[in-house]
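So the structure is just underneath, and the comments pick up after that.
In each ligand, atom 1 is the first atom listed, and ligand 1 is the first ligand listed.
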Amino acid sequence: MPFHKRVTLQQFIAETERQAPEATGEFSQLLREIILAVKYIHYETSRAGINQILGRTGSRNVQGEEVQKLDVFAHEQLVRSLQLSGLAAVLGSEEADDYEVVNPAGRYVVLFDPLDGSSNIDVSMPVGTIFSIYRRLDPDRPITEADVLQPGRRQLAAGYVLYGTSTLLVYTTGHGVNGFTLEPTVGEFFLTHPQLQTPEQARYLSINAAARSQFPEAVRAYLDEVDARHAENPDALKPRYVGALVADFHRNLLEGGIFLYPGTVAKPAGKLRLLYEANPLAWIIEQAGGLATDGQQPILDRQPQKLHERTPLVLGSKAEVERFLYFSARELHNMPY
Ligand code: AHG
Ligand code: MN
Ligand code: MN
């Protein structure tokens with residue numbers, strides 16, 4: 001279908017707003033500000049080798065990771081758009097040491113991973129942006145850390161952008177999951193993936209198997225069971241691991257899969273961040289019929305303690321995550337293997 005016959009993201013947002021009697025239009029405007037920043041990030045990401053925006057800045061972020069120039073650009077675009085919107089009260093970014101109060105009169109909390117999969121930038125592999133929006137707890141009280149540390153179940157919206165062979169924006173506001181593809185010549189996102197549901201059965205397994213000996217017993221037992229399935233049917237659960245959470249997540253969302261980033265002996269909490277990586281994707285996968293767990297409880301039920309808190313993350317097709325949880329439960333309750 002030619003793009004001029006499709007629904008644009010702006011039209012979709014407007015329609016969703018018309019259906020929500022309590023809508024004030026503020027929330028839709030906040031989404032539009034994020035979309036503007038995402039278009040600028042798309043522009044730079046798709047020309048990174050030309051615009052001299054590849055490579056490292058030479059500094060390290062609060063995560064202890066080397067910061068890429070595109071990390072900083074993406075972070076700055078999101079902060080600027082959200083600050084100018086006047087609607088976001090407080091921002092939490094992977095690339096900022098602490099949360100930042102930008103508009104004391106704002107009503108929303110916006111948390112984001114401005115550029116996910118940074119190690120892919122210089123080799124032109126897929127990267128992403130992940131965002132999560134909450135309402136502040138009490139607009140009549142000053143912003144505190146409690147406004148930022150809300151459980152994932154309280155999200156108003158969660159979304160990600162995949163800068164891949166095409167640039168897609170996928171998000172939920174609790175009424176299903178919809179995907180939009182950017183048509184760069186007109187600078188609009190068009191509805192291409194309405195009401196996404198993830199297949200119950202997984203086709204792909206995404207994990208950094210190099211750390212297998214360091215994983216908890218439950219994960220190793222699950223991977224042993226996967227090996228046994230592969231011995232019977234090598235196509236049972238194809239390994240696919242791109243090194244960018246958003247890219248692995250999106251493929252598995254569409255095709256069916258399971259993504260695991262477990263903790264290890266050295267780092268029991270794993271690598272991925274609860275607030276702006278695990279929570280938004282956990283809500284999306286649940287809305288699409290899948291599951292998301294830290295091995296002990298649903299990701300969305302966790303009460304965050306810190307802005308950059310890390311969590312083990314296992315999410316994807318319901319049947320496959322439940323197979324994983326069987327091994328977790330055995331370990332948790334010391335059941336005989
Ligand atoms: P970020 O670039 O935002 O720090 O995220 C990178 C994350 C995630 O995107 C990916 O799944 C994971 O790091 C890959 O980690 P390993 O390189 O340890 O496999
Ligand atoms: Mn990330
Ligand atoms: Mn990042």
Side-chain angles (χ1 to χ4, degrees), residues 37-38 41 44-45 48 53-57 59-79 91-97 110-132 158-164 170 204-215 219 223 239-253 257-282 284-285 292 294 299 307-316:
V38 159
I41 298 167
E44 288 298 335
T45 311
I53 199 166
L54 291 178
R56 298 177 177 82
T57 59
S59 63
R60 283 185 180 274
N61 61 18
V62 65
Q63 324 280 341
E65 295 162 347
E66 285 198 286
V67 179
Q68 307 272 4
K69 291 176 189 166
L70 210 54
D71 283 321
V72 173
F73 177 83
H75 167 79
E76 288 171 348
Q77 292 313 311
L78 282 159
V79 170
L91 309 180
S93 168
E94 176 190 326
E95 299 306 333
D97 291 4
V110 186
L111 308 172
F112 50 89
D113 176 358
L115 211 289
D116 173 62
S118 305
S119 60
N120 281 354
I121 295 170
D122 287 3
V123 292
S124 298
M125 292 289 283
V127 292
T129 295
I130 312 172
F131 62 89
S132 174
Y160 64 86
V161 179
L162 173 61
Y163 310 97
V170 176
Y204 295 108
L205 166 69
S206 303
I207 189 168
N208 177 1
R212 182 163 178 162
S213 63
Q214 299 295 309
F215 290 153
V219 177
L223 293 176
R240 285 280 190 286
Y241 191 72
V242 169
L245 170 60
V246 166
D248 285 316
F249 177 85
H250 183 72
R251 178 201 51 248
N252 293 354
L253 172 69
I258 184 168
F259 175 98
L260 304 95
Y261 205 110
T264 59
V265 171
K267 297 181 179 174
K271 172 183 184 181
L272 300 177
R273 280 57 55 132
L274 174 61
L275 285 182
Y276 41 79
E277 289 175 311
N279 268 337
L281 298 187
I284 289 173
I285 201 71
D294 64 4
I299 288 287
L307 172 63
H308 298 298
E309 177 173 329
R310 298 174 192 267
T311 175
L313 177 63
V314 178
L315 78 175

Closest non-hydrogen atom pair, G159 against I284: CA-CD1, 3.8 Å
Which of parallel (below 30°), tilted (30 to 60°) and perpendicular (above 60°) describes H250 and Y160? perpendicular
Tell me every residue that passes salt bridge (Lys or Arg N to Asp or Glu O under 4.0 Å) with D248, counting only those two or more places apart in sequence or in another chain. R251
Donor-acceptor pair, distance only, cut-off 3.5 Å: does the side chain of R273 make one with the backbone of E277? no
Looking at the Mn ion (ligand 3), is there an N, O or S atom belonging to D113 that lies under 2.8 Å away from it? yes
Which is the closest N/O/S atom of D116 when seen from the Mn ion (ligand 2)? OD1
Donor-acceptor pair, N120 side chain versus P126 backbone, under 3.5 Å? yes
Check whether any N, O or S atom of L115 sits under 2.8 Å from the Mn ion (ligand 3). yes
Residues with a heavy atom under 4.0 Å from ligand 1, by chain and number, are E65, E94, D113, L115, D116, G117, S118, N208, Y241, G243, A244, L245, F259, Y261, K271, L272, R273, E277
Donor-acceptor under 3.5 Å (E44 side chain, L70 main chain): no
E94 N/O/S atom closer than 2.8 Å to the Mn ion (ligand 3): yes
Closest to the Mn ion (ligand 2), which N/O/S atom of E277 is it? OE2
